[in-house]
Engineer: 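First, the structure itself, so that you have it in front of you.
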Amino acid sequence: MTAIDFSKNGGLVPAILQDYRTKQVLMLGYMNHEAYERTVSEGVAWFYSRSKERLWKKGESSGNVQEVVKIDRDCDEDTLLVQVRPTGPTCHTGSQSCFGDDYFNLSILENTVADKIANPQEGSYTNYLITKGLDKILKKCGEEMIEVVIAAKNAAAGQGNEELIAETSDLLYHLCVLLVERGLSLSDIEALLKVRHGQEHTYSERKIIENY
């Protein structure tokens, strides 16, 4: 593999931190060769501070270190994408991301569901479903799917898409509960879809893709 190009920008390369679960961009920092080596060897994000002119470990004061899961390089070998597992807020303001906390996707929903299951709270609907068990969860998934179908028919009849969006949202939530209850995650679904999309496949998998 080609070495990272530290010859530009005074020996520094931009390093983008991204939550590996939600894909939310957390911050941008700079690494020199030593910071990169420490990041790799210690498994947590290190940077070079241009203002203080020294190495610093993300979270060295707050304790909110960034546990490294994967490091990717761009095509020019001079920018890093560091996928991490945050142990707390990334920004010094207390926000999860230095770019604000208005970011949301299904992985965040999944993590919220998993947290509610791991830390049950009285009055939580998620806790209610888990307590009732798999049959209750399956029943709700079936009911929500029927409601999605009805909403789609209503939308096609000219009643607008608001109902369809709402019912689909309810279905996705219940599917997240089902996956977490079964010990699965959205990443398991994404892995199969990746195969079907043709990014990696065997001959037999190609047949699946062709019929997808």
Side-chain angles (χ1 to χ4, degrees), residues 17-26 64 66-70 72 81 83-90 95-97 100-157 159-202 204-212:
L17 260 57
Q18 180 183 46
D19 190 315
Y20 88 103
R21 294 163 298 188
T22 68
K23 305 309 178 186
Q24 181 182 19
V25 174
L26 301 176
N64 300 328
Q66 306 285 322
E67 299 174 354
V68 176
V69 176
K70 184 182 180 184
D72 291 310
L81 177 62
Q83 296 189 46
V84 297
R85 183 185 296 107
T87 60
T90 301
S95 296
Q96 185 63 26
S97 167
D101 284 343
D102 58 348
Y103 180 87
F104 184 83
N105 63 16
L106 289 178
S107 292
I108 292 177
L109 173 62
E110 178 187 41
N111 290 337
T112 301
V113 168
D115 180 69
K116 288 182 178 294
I117 293 175
N119 303 285
Q121 298 179 359
E122 186 177 354
S124 165
Y125 178 62
T126 302
N127 184 44
Y128 163 77
L129 290 175
I130 294 298
T131 301
K132 289 295 183 180
L134 180 61
D135 286 346
K136 180 65 174 180
I137 298 171
L138 294 175
K139 180 181 178 182
K140 289 300 299 181
C141 287
E143 291 174 353
E144 297 299 342
M145 186 66 249
I146 292 172
E147 291 178 4
V148 167
V149 172
I150 294 172
K153 294 289 287 185
N154 290 339
Q159 297 183 24
N161 291 318
E162 290 78 8
E163 181 187 7
L164 178 57
I165 292 172
E167 297 300 344
T168 301
S169 299
D170 290 342
L171 174 60
L172 289 173
Y173 160 76
H174 285 91
L175 286 174
C176 278
V177 175
L178 174 61
L179 289 175
V180 175
E181 195 277 341
R182 290 289 83 199
L184 298 171
S185 70
L186 290 172
S187 61
D188 296 309
I189 309 305
E190 291 170 346
L192 178 58
L193 291 175
K194 181 179 179 180
V195 171
R196 291 180 176 179
H197 190 61
Q199 294 180 354
E200 55 182 27
H201 53 269
T202 62
S204 60
E205 290 167 344
R206 169 58 69 184
K207 293 303 180 182
I208 295 175
I209 296 167
E210 290 173 351
N211 295 319
Y212 181 58

Engineer: Leu129 vs Tyr173, test: side-chain contact (heavy atoms from CB on, under 4.5 Å). Steps then yes/no.
Structural biologist: CA-CA 12 Å; Leu129 290 175; Tyr173 160 76; 3.9 Å; yes
Engineer: Restricting to non-hydrogen atoms, name the atom on Lys116 and the atom on Ser124 that form the minimum distance, rounded to 0.1 Å.
Structural biologist: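 Minimum heavy-atom contact is CD-OG, 4.1 Å.
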Engineer: Would the distance check show the side chain of Thr131 and the main-chain N or O of Asn127 forming a donor-acceptor pair, the cut-off being under 3.5 Å?
Structural biologist: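 Present.
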Engineer: Does Thr126 reach the side chain of Gln121, with side-chain heavy atoms less than 4.5 Å apart?
Structural biologist: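 When only atoms from C-beta onward are counted, Gln121 and Thr126 do not touch, as no gap falls below 4.5 Å.
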Engineer: Rounded to the nearest 0.5 Å, how far apart are CG of Asn154 and CD of Glu163?
Structural biologist: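 Answer rounded to 0.5 Å: 4.5 Å.
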Engineer: Are side-chain heavy atoms of Gln24 and Asp101 found at a separation under 4.5 Å?
Structural biologist: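 Touching, per the 4.5 Å side-chain cut-off.
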Engineer: Supply the atom-to-atom distance Arg21 CZ to Ser107 OG, rounded to the nearest 0.5 angstrom.
Structural biologist: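 Going from the CZ atom of Arg21 to the OG atom of Ser107 covers 9.5 Å.
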Engineer: Are side-chain heavy atoms of Leu171 and Glu167 found at a separation under 4.5 Å?
Structural biologist: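 They are not in contact (no side-chain heavy atoms under 4.5 Å apart), so the answer is no.
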Engineer: Heavy atoms only: give me the nearest Cys176-Leu109 pair and the separation to one decimal.
Structural biologist: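 Shortest heavy-atom separation between Cys176 and Leu109 comes out as SG-CD2, 4.0 Å.
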Engineer: Can you find a heavy atom in the side chain of Leu26 that is under 4.5 Å from one in the side chain of Pro86?
Structural biologist: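 In short, these two side chains touch, coming nearer than 4.5 Å.
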Engineer: Within this structure, what is the NZ-OH distance for the pair Lys140 and Tyr128, rounded to the nearest 0.5 Å?
Structural biologist: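 If we round to the nearest 0.5 Å, Lys140:NZ and Tyr128:OH are 8.0 Å apart.
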Engineer: What's the shortest heavy-atom distance between Leu164 and Thr168, and which atoms?
Structural biologist: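 For Leu164 versus Thr168, the nearest heavy atoms are O-OG1, 2.7 Å.
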Engineer: Please round to the nearest 0.5 Å and tell me the distance separating atom NZ of Lys136 and atom CG of Leu138.
Structural biologist: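 So the NZ of Lys136 and the CG of Leu138 are separated by 11.5 Å.
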Engineer: Hey, does Ser187 have a side-chain heavy atom less than 4.5 Å from the side chain of Lys194?
Structural biologist: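 No, side chains not in contact.
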Engineer: Can you find a pair of side-chain heavy atoms, one from Ile150 and one from Lys153, that are under 4.5 Å apart?
Structural biologist: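 A side-chain contact under 4.5 Å is absent here.
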Engineer: How long is the gap from CG on Leu184 to CG on Leu175, to the nearest 0.5 Å?
Structural biologist: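 Atom-to-atom, Leu184:CG and Leu175:CG are 12.0 Å apart.
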Engineer: Are more than 12 heavy atoms from other residues, nucleotides or ligands located less than 6.0 Å from atom NZ of Lys23?
Structural biologist: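 Buried by this count: over 12 neighbours within 6.0 Å.
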Engineer: If I compare all heavy atoms of Gln96 with all of Pro89, which pair ends up nearest, and what's the gap?
Structural biologist: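 It is OE1-CA, 3.9 Å.
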Engineer: With distance as the sole test, does Asn105 use its side chain to make a donor-acceptor pair with the main-chain N or O of Thr22 at under 3.5 Å?
Structural biologist: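 Checking the backbone N and O of Thr22 against the side chain of Asn105, a donor-acceptor pair under 3.5 Å is found.
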Engineer: Does a side-chain heavy-atom distance below 4.5 Å link Tyr103 with Ile108?
Structural biologist: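 Yes, at least one pair of side-chain atoms sits under 4.5 Å.
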Engineer: What's the separation between atom CG in Leu106 and atom CG in Leu186, rounded to the nearest 0.5 Å?
Structural biologist: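 If I round to the nearest 0.5 Å, the distance is 6.0 Å.
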Engineer: Determine the minimum heavy-atom distance between His174 and Ile137, stating which atoms define it.
Structural biologist: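 For His174 and Ile137, the tightest heavy-atom pair comes out as O-CG2, 4.2 Å.
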Engineer: Without hydrogens or angle criteria, can the side chains of Thr87 and Glu67 be said to hold a donor-acceptor pair below 3.5 Å?
Structural biologist: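 No, Glu67 and Thr87 have no side-chain donor paired with an acceptor closer than 3.5 Å.
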Engineer: Considering only heavy atoms from C-beta outward, does the side chain of Asp115 approach that of Asn111 to under 4.5 Å?
Structural biologist: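 Side chain of Asp115 against side chain of Asn111, heavy atoms only: no contact under 4.5 Å found.
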Engineer: Return the minimal non-hydrogen interatomic distance between Asp188 and Ser185, and the atom names on each side.
Structural biologist: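 Asp188 and Ser185 have their closest heavy atoms at OD2-N, 2.9 Å.
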